[in-house]
Enquirer: 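Okay, handing you the structure first.
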Amino acid sequence: MASLFPRAALQTLSTFPKAAPWRRSPISVPLAQPLIRRFLSTAQEQPRLRLGATAPNFKALTTQGEIDFHQWIGDSWAILFSHPADFTPVCTTELGAFAKLKDEFEKRGVKMIGLSANDIGSHGEWIKDINEVTNSNVQFPIIADADRKVAWLYDMIDESELANLAEKGIAFTIRSVFIIDPAKKIRLTMSYPASTGRNSAEVLRVIDSLQAADKKGIATPINWQVGEDVIVPPSVSTEDARKKFGEVRELKPYLRYTKY
């Protein structure tokens, strides 16, 4: 994995503290335990990030100032997406792509916020590179998470990277995506390895699907795009579906389509 990151990024990450800043309580895990054990998630340290669970709140410094995450979301939808490090190739292409979709996300009432395991000074310089290389204009905040506090809270660490905690005191973050609704509930998660860039259009498509389902009480089939037919949920009878949606096309008793 080290080959994915330039030497400068690795040197920055090597300053990762060997203390235990992530523990939610100073007595939750005895300090006498080996370092790798101290950072393994437990029920006390790390919430279960199931779909439908409340997204953990946190305060953090970002490129747009300090935020309280839940207050920052407000009444909007939100996308939290993490990156292994600043000044790395795949991450640079990703942030540029998301920046170019700013207007599309805003139309849907969605705020974007990134996270990278470096400090604010590094983020500021990196944004200049992103804008130059991808011909974009990054306007969303990027969380400074050099101590991996948020990365641990949201389980953004690759299992194989846990060995680095004992050997080097560092751990790279993976590429995680969390879609969070205005009620602060986690509606979707995606996890990618460091070597694989995400598809920004798919994140936008998922937002469309979730919002359509909430608004119309429907489901969406594979590869669905706005304007295409949607699926009537099995919990709704065909008779009731026709009253609610109008025309219903039945392929099987359990598979019925209607116009969106």
Enquirer: Determine, stepwise, if the pair Leu95 / Ile142 fulfils side chain to side chain contact (heavy atoms under 4.5 Å, CB included).
Expert: CA-CA 10 Å; Leu95 266 74; Ile142 302 175; 3.4 Å; yes
Enquirer: Taking all heavy atoms of Ala117 and all of Pro84, pick out the closest pair and write down the distance.
Expert: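 Closest pair (atom of Ala117, atom of Pro84, distance): CB-O, 3.8 Å.
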Enquirer: Side chain to side chain contact (heavy atoms under 4.5 Å, CB included) between Arg187 and Leu51: does it pass, once the steps are laid out?
Expert: CA-CA 5 Å; Arg187 299 295 299 276; Leu51 297 186; over 6 Å; no
Enquirer: Kindly give the cluster partners of Leu251, where membership spreads through any ILVMFWY side chain lying under 4.5 Å from a current member.
Expert: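 Members alongside Leu251: Ile231, Tyr254, Leu255, Tyr257.
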Enquirer: Give a yes or no answer on whether the side chain of Asp103 reaches the backbone of Lys107 with a donor-acceptor pair at less than 3.5 Å.
Expert: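 Between the backbone of Lys107 and the side chain of Asp103 there is no qualifying donor-acceptor contact (under 3.5 Å).
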Enquirer: Show your reasoning for whether side chain to side chain contact (heavy atoms under 4.5 Å, CB included) applies to Ile143 and Phe69.
Expert: CA-CA 10 Å; Ile143 297 166; Phe69 187 49; 5.6 Å; no
Enquirer: Between Lys128 and Glu132, is there a salt bridge with N-O shorter than 4.0 Å?
Expert: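 The answer is no: the pair does not qualify as a salt bridge.
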Enquirer: Using ring pair (Phe, Tyr, Trp, His ring centres under 6.0 Å) as the criterion, list what pairs up with Trp72, not counting sequence neighbours.
Expert: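 Ring pair (Phe, Tyr, Trp, His ring centres under 6.0 Å) check on Trp72 returns nothing, list empty.
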Enquirer: So, for Ile157 and Ala151, which heavy atoms are closest and what is the spacing to 0.1 Å?
Expert: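 Answer, listing the atom of Ile157 first, then Ala151: CD1-CB, 4.2 Å.
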Enquirer: Are Trp126 and Leu61 connected into the same hydrophobic cluster when the rule is that any two of I, L, V, M, F, W, Y join if their side-chain heavy atoms are below 4.5 Å apart?
Expert: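 No, Leu61 and Trp126 fall in different hydrophobic clusters.
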Enquirer: With side chain to side chain contact (heavy atoms under 4.5 Å, CB included) as the test, would you mind laying out the steps for Ile113 and Ile67 before giving the verdict?
Expert: CA-CA 11 Å; Ile113 187 166; Ile67 66 163; 3.5 Å; yes
Enquirer: Could you report the tightest heavy-atom contact between Thr88 and Cys91, atom names first, then the distance?
Expert: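 Nearest heavy atoms, Thr88 then Cys91: OG1-SG, 3.1 Å.
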Enquirer: Does Val90 offer a backbone N or O that forms a donor-acceptor pair with the side chain of Thr93 under 3.5 Å?
Expert: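 Confirmed, Thr93 side chain pairs with Val90 backbone.
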Enquirer: So which pairs with a foot in residues 55-64 pass side-chain hydrogen bond (donor to acceptor under 3.5 Å, both in side chains), sequence neighbours left out?
Expert: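 Every pair satisfying side-chain hydrogen bond (donor to acceptor under 3.5 Å, both in side chains) with a residue in residues 55-64: Asn57-Asp68.
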Enquirer: Check for me, please, whether Val226 and Ile218 land in the same ILVMFWY cluster - side-chain distances under 4.5 Å, paths through other members count.
Expert: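 Yes.
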Enquirer: Just to verify, what does Thr258 make a side-chain hydrogen bond (donor to acceptor under 3.5 Å, both in side chains) with, not counting sequence neighbours?
Expert: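 Here no residue qualifies.
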Enquirer: Can you tell me if CD on Glu66 sees more than 12 non-hydrogen neighbours from other groups inside 6.0 Å?
Expert: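 Yes, the 6.0 Å shell around CD holds more than 12 heavy atoms from other groups.
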Enquirer: For Pro182, is there any backbone N or O sitting under 3.5 Å from a side-chain donor or acceptor partner on Lys184?
Expert: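 Answer holds: yes.
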Enquirer: CG/Leu153 to CG/Leu49 distance, rounded to the nearest 0.5 angstrom?
Expert: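 So the gap between those two atoms works out to 7.5 Å.
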Enquirer: Any idea how Tyr260 and Trp224 line up, ring-wise: parallel (<30°), tilted (30 to 60°), or perpendicular (>60°)?
Expert: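 Answer is perpendicular, since the angle exceeds 60°.
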Enquirer: Considering all heavy atoms of both residues, which atom of Ser76 and which atom of Lys111 are nearest to each other, and what is their separation?
Expert: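 That would be OG-CE, 3.6 Å.
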Enquirer: Checking the side chain of His123 only, and the main-chain atoms of Pro141 only, is there a donor and an acceptor separated by less than 3.5 Å?
Expert: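 Such a contact is absent between His123 side chain and Pro141 backbone.
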Enquirer: With rounding to the nearest 0.5 angstrom, report the CG to CG distance, Leu80 to Leu115.
Expert: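 The CG atom of Leu115 is 6.5 Å from CG of Leu80, to the nearest 0.5 Å.
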Enquirer: Among residues two or more places apart or on two chains, list those pairs meeting salt bridge (charged side-chain N to carboxylate O under 4.0 Å, His left out) that have a residue in residues 201-212.
Expert: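 Every pair satisfying salt bridge (charged side-chain N to carboxylate O under 4.0 Å, His left out) with a residue in residues 201-212: Arg108-Asp208, Glu202-Arg205.
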Enquirer: Test of understanding: with side-chain hydrogen bond (donor to acceptor under 3.5 Å, both in side chains), list the residues that count as partners of Glu250, not counting sequence neighbours.
Expert: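 Residues passing side-chain hydrogen bond (donor to acceptor under 3.5 Å, both in side chains) with Glu250: Thr238.
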Enquirer: Search all heavy atoms of Ile180 against all heavy atoms of Ala55 and return the closest pair with its distance.
Expert: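 Closest approach of Ile180 to Ala55: CD1-CB, 3.7 Å.
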Enquirer: As an exercise, state the distance from CZ of Phe98 to CG of Leu101, rounded to the nearest 0.5 Å.
Expert: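 It comes to 7.5 Å.
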Enquirer: side-chain hydrogen bond (donor to acceptor under 3.5 Å, both in side chains) with Glu94: which residues, sequence neighbours excluded?
Expert: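 Partners of Glu94 by the side-chain hydrogen bond (donor to acceptor under 3.5 Å, both in side chains) criterion, ordered by chain and then number, come out as His83, Arg175, Arg198.
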Enquirer: Taking ring pair (Phe, Tyr, Trp, His ring centres under 6.0 Å) as the definition, give me every residue that meets it alongside Tyr192, ordered by chain and number, with sequence neighbours left out.
Expert: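 Scan of Tyr192 (ring pair (Phe, Tyr, Trp, His ring centres under 6.0 Å), adjacent residues dropped) gives none.
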Enquirer: Out of curiosity, Asp145 CG to Trp152 CH2, how far, rounded to the nearest 0.5 Å?
Expert: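 Those atoms lie 12.0 Å apart.
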Enquirer: In Å, rounded to the nearest 0.5 Å, how long is the span from CG of Asn223 to CD of Glu228?
Expert: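 Separation between the atoms: 8.5 Å.
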Enquirer: Mind checking what makes ring pair (Phe, Tyr, Trp, His ring centres under 6.0 Å) contact with Phe178, not counting sequence neighbours?
Expert: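 Phe178 satisfies ring pair (Phe, Tyr, Trp, His ring centres under 6.0 Å) with Tyr154 once adjacent residues are dropped.
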Enquirer: Determine the sole option in Ile179, Thr220, Val177 for which the side-chain contact (heavy atoms from CB on, under 4.5 Å) test with Val206 is passed.
Expert: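 Considering Ile179, Thr220, Val177, a side-chain contact (heavy atoms from CB on, under 4.5 Å) with Val206 is found only for Ile179.
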Enquirer: Has Ser82 got a side-chain atom pairing as donor or acceptor with Ser176's backbone, closer than 3.5 angstrom?
Expert: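 At least one qualifying donor-acceptor pair exists.
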Enquirer: Would you compute the distance between atom CD1 of Ile79 and atom CD1 of Ile73 and round it to the nearest 0.5 angstrom?
Expert: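 Ile79 atom CD1 to Ile73 atom CD1 measures 11.0 Å (nearest 0.5 Å).
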Enquirer: Considering residues at least two apart in sequence or located in another chain, which fulfil the side-chain contact (heavy atoms from CB on, under 4.5 Å) criterion with Ala241?
Expert: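 Scan of Ala241 (side-chain contact (heavy atoms from CB on, under 4.5 Å), adjacent residues dropped) gives Val232, Val236, Phe245, Val248.
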Enquirer: Give every donor-acceptor pair under 3.5 Å between a side-chain atom in residues 133-140 and any protein atom, sequence neighbours left out.
Expert:
residue, atom, partner, partner atom, Å
Thr134, OG1, Ile130, O, 2.6
Thr134, OG1, Ser136, OG, 2.6

Enquirer: Just jot down the side-chain hydrogen bond (donor to acceptor under 3.5 Å, both in side chains) partners of Glu106, sequence neighbours excluded, or say none.
Expert: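 Result, side-chain hydrogen bond (donor to acceptor under 3.5 Å, both in side chains) vs Glu106: Lys102.
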